[in-house]
J.: 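After the structure tokens below, expect a handful of questions from me.
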Amino acid sequence: MTIEDALTTRIQRAVAALFPAMATTRVEIRPSIKPEFGDLSSPVALPLAKQARRSPLDVAQQLRAALQPSLPTYVRDTTVTPPGFINFFIDAALYAGLLCQEILEAGERYGRAATPIPQKIVVEHTNINSNKAAHVGHLRNACLGDTVVRILRANGYTVEAQNYIDDTGVQVADVIVGFRYLGKTYDGSLPFDFFCSQIYTEVQRAYQAQPALLDYRRQVLRDIEDRTSDIARFAKELSTKIVTRHIETMSRVNINYDLLTWESDILALGFWKHAFDLLTARHLLEHPTEGELAGCWVVPFGDGNVTTTDGQQRNSDKVLVKSDGVVTYTGKDLAYQMWKFGLLDLDFGYRLWATQLNGLSLWTTTHDPTQRPPRQFGHANRVVNVIDARQAYPQEVVYETLRRLGYSEQAEQSTHLSYQVVALSAGAAEALGVPVEPGKMTYAFSGRQGIEVKADELLDMAAQRLSQHLSAQRSEGRSKSTDERIAERLAVGAVRYYLLKFNLQQIIPFDFDDALRNTGDTGIYLQYAYARACNILERTGRAPEANQPATLCSQDKNLGDIGGIPRLLVEEVQERRGLLRHRANPRCGSPPAT
RNA sequence: GCCCCGAUAGCUCAGUGGAUAGAGCGUCAGCCUCCGGAGCUGAAGGUCGCACGUUCGAAUCGUGUUCGGGGCGCCA
């Protein structure tokens with residue numbers, strides 16, 4: 001029990017006793033701003049006084065008196081100061097001793113939920129098209145997703161991390177065009193995914209010069225539909241090799257998954273057809289015979305036809321099946337979302353993909369449903385989709401359609417964990433040869449144009465710089481391979497921290513110097529502090545004891561931070577800003593009458 | 001046209017109703033024969049885009065507005 005928790009609970013009790021009508025008032029408690037206001041202060045009397053129409057000072061005094069008998073031993077004194085704050089003076093040495101005891105007892109489980117929550121949450125993240133190397137934008141997604149998984153698990157939820165493989169889209173077809181029609185062959189001089197990134201860019205350029213190549217792409221897409229075709233086999237082999245590389249990259253930063261879900265399996269096993277039948281049975285789709293969307297299957301949505309600022313005609317209804325009969329990404333995503341909740345009477349086949357660095361098995365879906373899994377996948381109570389902010393609209397279409405199908409509970413339990421993209425800072429853009437305009441702060445990545453920073457490149461650069469730093473130090477008998485291992489670990493910390501320290505709604509202006517910095521507010525600082533702490537413990541030659549640190553760190557103002565860690569983890573999930581908050585989009589408030 | 005996001009120190013960002021708005025980087029001045037200088041101490045630097053409103057109290061909530069980014073695709 002942290003100081004803040006202990007005091008909050010007691011204040012809540014006092015409020016309930018004195019002001020029963022306002023028992024639900026949110027009790028806030030925070031570090032005091034001045035030493036004469038004690039160590040912790042609460043403004044709780046202020047809103048209470050407002051509602052009760054009494055003097056805030058009186059209310060605070062009354063609360064203080066009511067609290068007095070029940071305060072923990074480490075509270076030395078309490079005061080009330082204008083305009084109505086209640087201040088608590090903490091005996092740091094006493095508290096430090098108690099806190100240390102608590103931490104030593106909990107060990108590595110400190111801060112984690114003591115009891116499991118009987119709820120399953122599926123977290124979908126990473127989701128890289130299987131045609132090219134992962135870049136830093138993908139890395140932001142994966143770091144966020146993996147962190148969400150860890151926080152939810154720490155809170156006691158059963159969590160399943162799924163990585164969705166979009167292996168049936170045009171991007172894969174583009175690379176096949178490069179291999180089959182531009183005569184590209186892989187010579188092993190680059191990692192396979194880097195090589196495919198290069199081909200992808202070259203093919204985009206080739207389309208401009210030889211528009212006839214687009215016909216080849218259409219043919220490739222048709223051929224992929226037939227699973228037995230040579231092209232389909234080639235596509236699967238290509239995607240498998242790329243995904244293998246993605247997993248290798250992510251395992252470098254200690255990101256692991258439970259299941260790879262393949263879009264091609266969703267199609268092959270009839271998930272989409274099943275979802276489509278449900279939609280049409282409930283008359284939720286339109287099938288216009290004329291106009292722009294003639295021949296498509298459409299879910300009516302938003303405002304219908306609009307003229308955009310640039311004068312173009314657009315339609316905010318969402319096409320789920322194109323006029324040529326091919327299902328769109330949003331359609332497939334809807335079927336996938338339904339499967340996650342166990343709403344389809346269908347299941348994938350499964351087989352073991354690999355054993356990961358964390359020791360856990362990674363499973364993959366297959367299109368052979370007779371291959372049974374070791375445990376049940378999907379069937380979630382709640383689903384969190386880590387997807388960038390540009391996809392807010394199609395995500396809302398998925399959730400709203402779920403609701404229209406009658407699954408409003410599941411729609412409510414669906415979260416689009418929306419985050420902004422990574423873009424190049426002006427400096428980084430210039431370094432990559434992008435023309436820089438005065439006054440323009442960020443520049444979008446473009447895989448098509450080959451303007452990007454690959455995840456492995458960034459990690460390699462970070463590791464190399466850190467390795468140089470290490471070799472410049474007195475090595476004290478450290479081997480070169482040890483240096484490299486340390487550099488890799490530090491690089492991972494630096495990159496993960498950099499990608500996580502920004503607010504979700506903030507575009508990260510990617511800057512090489514910033515991302516690779518090894519001083520100040522960085523992951524490396526944390527790792528350094530940890531190493532020093534371990535070193536101190538090692539030198540003392542004995543394990544920490546509950547009664548020792550009380551004198552060691554009695555003056556440390558960071559005690560409250562350490563004691564606050566458990567609450568921090570819980571708040572990430574439960575509070576207003578929590579990860580599981582359902583983010584509703586106002587535009588979806590009024591579905592059109594159908 | 002409609003919707004979403006951003007705007008806080010020279011730069012990059014924290015801070016979702018409480019007391020005197022914080023950090024890193026950069027700048028300047030200090031600190032290496034007890035803990036790892038990837039560090040520590042201090043200084044300078046801010047009408048929180050703008051206006052009005054709600055409130056005892058607003059960077060925070062509301063309305064309007066300016067600038068920047070994104071979305072409204074038979075792309076994914």
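This structure is a prediction, so every number in the text was calculated from the model and none was measured. Letters go in sequence order (proteins before strands), and every chain restarts at 1.
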J.: Restricting both atoms to N or O, compile the protein contacts to nucleotides 20-22 of chain B shorter than 3.5 Å, with distance only.
T.:
from, atom 1, to, atom 2, distance (Å)
B/U20, O4, A/Lys34, NZ, 2.7

J.: With sequence neighbours excluded, tell me which residues meet side chain to side chain contact (heavy atoms under 4.5 Å, CB included) with A/Ala232.
T.: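 Residues passing side chain to side chain contact (heavy atoms under 4.5 Å, CB included) with A/Ala232: A/Ser229.
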
J.: Using the criterion of both pairing distances under 3.5 Å for Watson-Crick and G-U wobble pairs, give all stems of 3 or more consecutive pairs involving RNA chain B.
T.: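 B:1-7 with B:66-72, B:10-13 with B:22-25, B:27-31 with B:39-43, B:49-53 with B:61-65 - these are the stems of 3 or more pairs that involve RNA chain B.
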
J.: So, does the side chain of A/Lys440 form a donor-acceptor pair with the base of B/G69 at under 3.5 Å?
T.: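 No.
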
J.: Under 4.0 Å between a side-chain N or O of A/Gln506 and OP1 or OP2 of B/A14?
T.: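 For B/A14, OP1 or OP2 has a side-chain N or O of A/Gln506 closer than 4.0 Å.
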
J.: Using a 4.0 Å heavy-atom cut-off to protein, can you give one letter per nucleotide of nucleotides 27-40 of chain B, 5' to 3': B if the base is in contact, S if only the sugar-phosphate is, - if neither?
T.: --------BBSBSS

J.: If a pair satisfies ring pair (Phe, Tyr, Trp, His ring centres under 6.0 Å) and one of its residues is in residues 485-505 of chain A, list it, with sequence neighbours excluded.
T.: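 Qualifying pairs: A/Tyr498-A/Phe502.
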
J.: With a 4.0 Å limit, can you tell me whether A/Lys322 has a side-chain N or O closer than that to the phosphate oxygens OP1/OP2 of B/C75?
T.: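 Answer is yes, contact under 4.0 Å.
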
J.: Got a sec, which residues hit side chain to side chain contact (heavy atoms under 4.5 Å, CB included) with A/Gln391, two or more places apart in sequence or on another chain?
T.: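 For A/Gln391 the side chain to side chain contact (heavy atoms under 4.5 Å, CB included) partners, ignoring immediate neighbours, are A/Tyr329, A/Ile387, A/Asp388, A/Pro394.
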
J.: Apply side chain to side chain donor-acceptor pair (under 3.5 Å) to A/Asp167 and list each qualifying residue two or more places apart in sequence or on a separate chain.
T.: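 Residues passing side chain to side chain donor-acceptor pair (under 3.5 Å) with A/Asp167: A/Ser264.
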
J.: In chain order, what residues pass the side chain to side chain donor-acceptor pair (under 3.5 Å) check against A/Tyr164, with sequence neighbours excluded?
T.: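 A/Tyr164 satisfies side chain to side chain donor-acceptor pair (under 3.5 Å) with A/Glu263 once adjacent residues are dropped.
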
J.: Write down the distance separating the P atoms in B/A21 and B/U16, rounded off to the nearest Å.
T.: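 These two P atoms come out 16 Å apart once rounded.
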
J.: What's the base orientation of B/C67: syn (chi within 90° of 0) or anti?
T.: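 Anti.
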
J.: For A/Tyr419, give me all partners under side chain to side chain donor-acceptor pair (under 3.5 Å), at least two apart in sequence or on another chain.
T.: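 A/Asn141.
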
J.: So, does A/Ser42 use its side chain to make a donor-acceptor pair with the main chain of A/Ile86 at under 3.5 Å?
T.: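 Pair absent, no side-chain N/O of A/Ser42 close to backbone of A/Ile86.
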
J.: For A/Ala491, check side chain to side chain contact (heavy atoms under 4.5 Å, CB included) against everything at least two apart and list the hits.
T.: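 Result, side chain to side chain contact (heavy atoms under 4.5 Å, CB included) vs A/Ala491: A/Ala462, A/Ala463, A/Leu466.
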
J.: Give a yes/no answer on whether the side chain of A/Asn129 brings an N or O atom under 4.0 Å of OP1 or OP2 in B/C75.
T.: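 It does not, given that no N or O in the side chain of A/Asn129 lies less than 4.0 Å from OP1 or OP2 of B/C75.
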
J.: Please list every donor-acceptor pair under 3.5 Å in which a side-chain atom of residues 290-298 of chain A meets a protein atom from a residue at least two apart or in another chain.
T.:
none

J.: Go through the structure and list residues passing side chain to side chain contact (heavy atoms under 4.5 Å, CB included) with A/Leu214, not counting sequence neighbours.
T.: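 Testing A/Leu214 for side chain to side chain contact (heavy atoms under 4.5 Å, CB included), a comparison that skips the adjacent residues, returns A/Tyr207, A/Arg217, A/Arg218.
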
